[in-house]
There are 2 protein chains.
Amino acid sequence: MTATIGDVARRAGVSTATVSRVLAGLGGARPDTRERVLDAARALDYRPSAVARSLKLRTTKTLGLIITDIENPFFPQLVRAVEDVAREHGFVLLLCNAADDPDREASYLDLLVDRRVDGVVIAVSGLGVRHREWLAEPPLPVVLVNTTAPGLPHPSIASDNVDGGRQAAAHLLDLGHRRIGVLTAGARHAAAPERVAGVRQAVAERGLDPASVPIVVGEPDVRGGEAALGQLLADAPEMTGVVAYNDLMAIGAMRAIRACGCTVPGDISVVGFDDVAIAAYTDPPLTTIAQAIAELGRWAVERLVERLAEAGAGVDGHGPAGRAAGGHASAGTVLPVRLIARGSSGPPREAGTRPG
Amino acid sequence: MTATIGDVARRAGVSTATVSRVLAGLGGARPDTRERVLDAARALDYRPSAVARSLKLRTTKTLGLIITDIENPFFPQLVRAVEDVAREHGFVLLLCNAADDPDREASYLDLLVDRRVDGVVIAVSGLGVRHREWLAEPPLPVVLVNTTAPGLPHPSIASDNVDGGRQAAAHLLDLGHRRIGVLTAGARHAAAPERVAGVRQAVAERGLDPASVPIVVGEPDVRGGEAALGQLLADAPEMTGVVAYNDLMAIGAMRAIRACGCTVPGDISVVGFDDVAIAAYTDPPLTTIAQAIAELGRWAVERLVERLAEAGAGVDGHGPAGRAAGGHASAGTVLPVRLIARGSSGPPREAGTRPG
DNA sequence: CTGAAAGCGCTAACAT
DNA sequence: ATGTTAGCGCTTTCAG
């Protein structure tokens with residue numbers, strides 16, 4: 001089948017060592033030998049086996065990427081960024097879509113270890129218990145995106161969720177809304193409480209009572225948003241603005257609002273979170289809190305690669321408990337977010353004029 | 001660092017062969033030895049190296065997946081399906097996003113060979129020349145999704161694009177539209193001409209002149225659809241219905257229509273293609289031709305796995321030129337598509353009443 | 001039932 | 001400048 005280095009060596013009349021050297025581009029080979037080797041390799045269509053090399057070199061040039069759910073448009077954008085940067089550094093991605101299943105997520109952790117990937121980017125919205133245990137003594141370098149492992153020394157990065165919630169609510173409040181509601185996600189999602197806290201903060205800053213903000217929990221997808229909004233409307237019929245956990249829920253909320261015969265933003269304003277690609281194209285275009293998705297991915301991979309370089313230079317793999325990259329914020333880097341005001345938010349209508 | 005099989009063997013007081021057998025679950029080991037081995041493995045937290053095993057077994061249990069552009073929501077859905085099925089069969093995915101760059105796509109081909117993946121799923125919207133050359137003598141089993149390699153014996157699957165175009169146009173025609181336009185994609189996209197042909201066919205079936213259907217080419221994304229619609233409107237102002245190459249273009253088209261002060265479907269009806277997840281949630285919800293995305297992915301992986309099984313049972317890797325799976329439609333399987341009528345299409349307004 | 005040993009394809013000392 | 005050799009960690013005959 002595929003030619004091996006031995007085949008090339010034989011054909012070129014040299015040793016495998018020479019072939020290896022020539023192909024590695026290290027000098028130290030007479031021009032004519034060099035040529036012969038190159039010719040032989042070409043003639044045989046020789047492709048060095050990365051698996052053999054990995055075994056020898058103890059590095060696979062592969063990164064694992066674990067994500068919560070590839071069907072949430074946030075993740076493809078993140079995957080794209082991670083892959084781009086990994087590629088820049090000569091790494092390939094083993095894609096692990098947890099599909100929202102904690103068991104599947106956990107099993108991927110072991111699989112990545114077995115596969116001897118050089119490092120893993122964990123980009124999940126929340127860490128399960130098994131995950132957390134594993135992270136306490138990870139057999140390989142890890143960096144976290146969108147979550148933190150409190151007390152654990154892994155580099156991590158996330159958006160400023162509290163500020164995001166704050167900005168979303170402030171936007172509505174500044175527009176004149178007085179009763180705003182929140183659509184949030186379950187406990188599994190680490191960012192959810194933070195975003196809620198931000199909303200409360202903004203409300204309090206205006207001298208209103210943060211405890212009076214109605215909150216409904218739902219699945220963080222379109223359907224979940226739709227359902228949750230119904231609940232919210234029932235709980236707080238006088239509400240004129242809603243902050244959603246993410247863009248998908250916001251889209252669901254807009255649908256539900258319309259289904260009630262109300263309009264967006266005429267009757268109720270909606271603010272999302274993420275600024276996924278389609279947010280600009282919904283109708284009305286979604287006002288949302290933009291996360292710097294590409295930067296999230298870039299930072300994660302660069303930190304990982306950095307750490308691998310250190311380790312490669314140093315003595316052992318990466319230190320017992322996977323110490324965080326030297327000097328770098330193991331406390332958790334946080335990226336600023338910004339409000340993108342689009343059509344789904346506007347001033348509240350005069351009281352008492354809502355139809356239905 | 002990580003324990004090796006040797007460490008386990010030593011600790012259990014047996015040979016590595018025994019450890020291997022026990023861990024492989026093959027019987028033939030006294031219960032007590034078995035226990036000792038298992039204990040040792042557990043104590044050392046032993047994780048067998050998949051790379052060493054791959055070298056020995058000449059199989060990586062890894063599939064390469066090449067896609068055109070992960071940012072088009074069609075692909076995440078496909079990736080999801082491919083990963084699910086691969087996982088069912090014990091395979092992992094090396095994700096290769098071509099990001100719409102033919103060079104990047106081609107370079108991934110070589111990379112996958114180097115990595116010795118067991119097979120590759122090529123899910124791209126069109127094959128470049130380098131790609132086609134490579135496919136003429138692929139060093140590993142390949143299956144094509146969404147494209148065919150004419151004359152080449154690779155299993156391939158795609159939706160019935162002609163029929164899709166036909167259904168889309170027929171829907172509009174049946175609604176009473178007489179002047180329909182088409183937004184298509186460039187030559188790089190294999191499905192584009194097929195879908196156009198389908199539209200023409202439907203038009204001809206109604207006794208209208210297929211040659212008179214205005215067609216504009218654009219990038220197959222929202223922006224492209226927006227731009228192309230402007231052009232289309234300029235070319236054929238009397239048009240009342242448009243069939244877009246995909247949902248993204250359709251969304252762009254709807255935006256552009258609205259930007260002109262017209263309404264969808266009041267003034268112009270729009271039909272998309274793919275039925276991506278968000279299609280149901282645009283406003284108005286998009287009428288579109290649904291592809292069986294999950295089935296596309298499942299079929300591809302199952303065919304690949306099937307072929308690998310044959311090869312594994314047989315003598316060599318997979319035959320010189322990568323013969324197609326025994327008896328299976330190497331001609332190219334085609335999956336039916338179906339129209340999902342939603343809000344973006346409706347009967348044409350009486351002539352002469354369009355605003356602007 | 002278990003062990004010894006060869007070898008998957010490659011790289012890197014260490015010779016020469 | 002090039003060849004010899006010893007593994008990397010695993011599986012699998014082949015013996016015993």
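Letters go in sequence order (proteins before strands), and every chain restarts at 1.
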Between CG of B:Leu57 and P of D:dC8 the distance, given in whole Å, is 19 Å
Task: Ionic contact status for B:Glu306 with B:Arg303, cut-off 4.0 Å - done: yes
### Within 6.0 angstrom of B:Arg80 CZ, more than 12 heavy atoms from elsewhere
yes
Base, sugar-phosphate alone, or nothing: which one does A:Ser54 contact when heavy atoms must sit under 4.0 Å apart? nothing
Taken to the nearest whole Å, CG/A:Asp114 to P/D:dG9 is 15 Å
To the nearest angstrom, the CZ-C1' distance between B:Arg47 and D:dC10 comes to 15 Å
(Q) Counting C-beta onward and ignoring hydrogens, is there a side-chain heavy-atom pair between B:Ile67 and B:Leu95 closer than 4.5 Å? (A) yes
Any B:Arg58 side-chain nitrogen or oxygen under 4.0 Å from OP1 or OP2 of C:dG9: yes
To the nearest angstrom, the CG-P distance between B:Leu26 and D:dT13 comes to 11 Å
With sequence neighbours left out, the residues meeting salt bridge (charged side-chain N to carboxylate O under 4.0 Å, His left out) with B:Asp100 are B:Arg188
Ignoring backbone atoms, establish whether B:Arg53 has a side-chain N or O less than 4.0 Å from OP1 or OP2 of D:dT11.
yes
note: A:Arg30, atom CZ; D:dG3, atom C1'; distance rounded to Å ~ 13 Å
**Message:** Does this structure show an ion pair linking A:Glu310 with A:Arg307, if we count only N-O contacts that are shorter than 4.0 Å?
**Reply:** no
Rounded to whole Å, the CG-P distance (A:Leu55 to C:dG7) equals 17 Å
ask   = Are any of the side-chain nitrogens in B:Arg10 or B:Asp7 under 4.0 Å away from the carboxylate oxygens of its partner?
value = yes
Taken to the nearest whole Å, CZ/B:Arg116 to P/C:dG9 is 8 Å
When A:Ala24 and B:Ala29 are each assigned the nearest nucleotide of DNA chain C, the 5'-most assignment goes to B:Ala29
The correct set of residues in residues 13-21 of chain B placing a heavy atom under 4.0 Å from DNA chain C is B:Gly13, B:Val14, B:Ser15, B:Ala17, B:Thr18, B:Arg21
Here the distance between atom C1' of C:dC1 and atom CG of B:Asp32, to the nearest Å, is 10 Å
**Item:** Side chain proximity check, A:Arg47 to B:Asp110, heavy atoms < 4.5 angstrom
**Value:** yes
Comparing nearest nucleotides in DNA chain C, the 5'-proximal residue of the pair B:Ala52, B:Thr33 is B:Thr33
